[in-house]
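To keep things clear, I will list the structure first and then write my remarks on it.
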Number of protein chains: 2
Amino acid sequence: MKSLSTKQQAILEFLRQFIRDKDYPPSIRDIQLGCKISSTSVVDYNLKALERLGHIRRDREVSRAIELLDGTGRRPSTIPVPIIGTIAAGEPIPVPSADTWSNIDYDNVVEVTEEMTGGKAQVYALRVKGDSMIDALVNDGDIVILEATHSAADGEMVAAWLKDTGEVTLKRFYMDGDRVRLQPANATMKPIFTDPENLEIQGRVLTTIGNRG
Amino acid sequence: MKSLSTKQQAILEFLRQFIRDKDYPPSIRDIQLGCKISSTSVVDYNLKALERLGHIRRDREVSRAIELLDGTGRRPSTIPVPIIGTIAAGEPIPVPSADTWSNIDYDNVVEVTEEMTGGKAQVYALRVKGDSMIDALVNDGDIVILEATHSAADGEMVAAWLKDTGEVTLKRFYMDGDRVRLQPANATMKPIFTDPENLEIQGRVLTTIGNRG
DNA sequence: TTCTTACCAGAACACTCGTTCCGAATAGAA
DNA sequence: TTCTATTCGGAACGAGTGTTCTGGTAAGAA
């Protein structure tokens, strides 16, 4: 495959930047100015080359109809995930209601990419309080992103409420015969075995975010 | 808040559909046709209303310069952070070059919000390999976001190279007299004391992201 | 040399597109 | 009723914009 000239690379980079910035593609003359190209025909010439090489797609005769084909064009949309409370060992975690997502408190959200939520709905976040979740590799102040659910498949990390001890914990869920094994993310720590009846799954952990600033 | 007329709702829906479909916004006349509106001035009128109500943003005098602000929209800008390699105990971490940010490999990035990078420049990411970083509360496969720097202030978490043992580690940095104390994020684990000469700071940890799907 | 190919400069053309103006219909309040 | 605000139709203006035409430059092959 033919390699791109510096001018073509500059145009591609400018396209990415412009779209990321303004959410709509530039016109030919925007590119001309942005890349310091002397003529619109040169821009057109190079755009045609880029189109032939498969880097962009253009709708003829339509202004600003340039589409990037290498996946970098669309600014990845972020999703506001409401932080509805804290999670700590000794207290039950807050339960999200339908209202949680229809009426988001924008002062208490964490914006994440769809990549982090896996495209799931009913996603909420909790702030970790205290050091008790260290076996799940989350620290005081970290944020845990959860999907609201009451069931889990083997190997998924869940927020679970243990009725007997009155504690909430973040562990990986496994069925072991008729018992449940809760495995800490930290492999050096021991799992918990318990009866399914003793367990109340309150959410599935999608992502953890630790701010170490 | 004033509710939207059916025409305005139709326009919003058409905008979403069009952008999702073509990756660039429609022109006024595209909207006119798509929503079966009789005149461009009516489209303009309703777009102005939508802008006043905060649903869209428009750049005047520029064709197709309509940006959706809600739904998929009021999104804070995300930044592509290049993942330039892996981090493991026994090997030095890759060093970012100037080229790292000027020529981003879009197949190997993680998109994060500015909130997570703290607005810093020269931010890069590493994927954690193995379980050796567990005392920093990051697991195999997690992503660590770093700022390229060679110095650190007390209490900051750094990626440091220990010359004597030939190992890299993620710890909080403290000056303790003329010695350096490296404190694991996991408070139950013991700190390392070492000579400043033995230490090479390779980056400052901004955020950790753990995917527990 | 001559021919070919790739790339560029400038200008012009025709269509696209945002904007605006004038007027009308409609609805609600006074 | 009359007044006012809102919404709409139709048309036109002018700037924005993609395209094309003509010609030029540079490099390489025949």
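Chain naming here is simple, since letters A, B, ... match the order of the sequence lines and numbering starts at 1 in each.
- Residue A:Lys48 places no side-chain N or O under 4.0 Å from the OP1 or OP2 atom of D:dT19.
- The nearest heavy atom of DNA chain C to B:Asp44 and to B:Arg64 marks one nucleotide each, and the one closer to the 5' end goes with B:Arg64.
- With C:dG18, D:dT6, C:dA6 as the choices, the nucleotide that has an atom nearest any side-chain atom of B:Ser27 turns out to be C:dG18.
- For the pair A:Gln8 CD and C:dC7 P, the computed distance is 7 Å after rounding to whole Å.
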Does the pair B:Asp30 and B:Ser27 meet the rule for a side chain to side chain donor-acceptor pair (under 3.5 Å), with working shown? CA-CA 5 Å; B:Asp30 287 336; B:Ser27 69; 3.3 Å; yes
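- Scanning all heavy atoms of the two residues, the minimum distance from B:Ile56 to B:Leu15 falls at CG2-CD1, 4.0 Å.
- Contact between B:Val205 and B:Val158 at its shortest, heavy atoms only, is CG2-C, 4.1 Å.
- A donor-acceptor pair under 3.5 Å is formed between the side chain of B:Lys163 and the backbone N or O of B:Glu197.
- Listed pair A:Asn46 / C:dC8 meets the phosphate criterion, a side-chain N or O lying under 4.0 Å from OP1 or OP2.
- If you take CG of A:Leu47 and P of D:dG18, they are 9 Å apart, rounded to a whole angstrom.
- Between B:Arg58 and C:dC17, a side-chain N or O to OP1/OP2 separation shorter than 4.0 Å is absent.
- Closest non-hydrogen pair, B:Glu156 versus B:Arg204, comes out as OE1-NE, 3.0 Å.
- For A:Asp30 and D:dG16, the CG to C1' distance is 10 Å, given to the nearest whole Å.
- Considering only the side chain of B:Ser63, D:dT17 comes nearest among D:dT17, D:dT7, C:dT19.
- Distances shorter than 4.0 Å separate some side-chain N or O of B:Tyr45 from OP1 or OP2 on D:dT7.
- In this structure, A:Asn46 contributes its side chain and A:Val42 its backbone to a donor-acceptor pair below 3.5 Å.
- Taking atom NZ on B:Lys36 and atom C1' on D:dC8, their separation rounds to 18 Å, with Å as the unit.
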What are the atom names and distances for every N/O pair under 3.5 Å that joins the protein to nucleotides 11-15 of chain D?
{"unit_1": "D:dA11", "atom_1": "N6", "unit_2": "B:Thr40", "atom_2": "OG1", "d": "3.4"}

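- We find that CD1 of A:Ile56 is positioned 12 Å from P of D:dG18, with the value rounded to whole Å.
- Between B:Val62 and B:Ile37, the residue whose closest nucleotide on DNA chain D is further toward the 5' end is B:Ile37.
- Nucleotide D:dG16 holds its C1' atom 13 Å from the CD atom of A:Gln32, rounded to whole Å.
- Geometric assessment of B:Arg64 against the ring of A:Tyr24 yields a negative cation-pi assignment under the 6.0 Å and 45° thresholds.
- One can place NZ of B:Lys7 at 13 Å from C1' of C:dT26, the figure rounded to the nearest angstrom.
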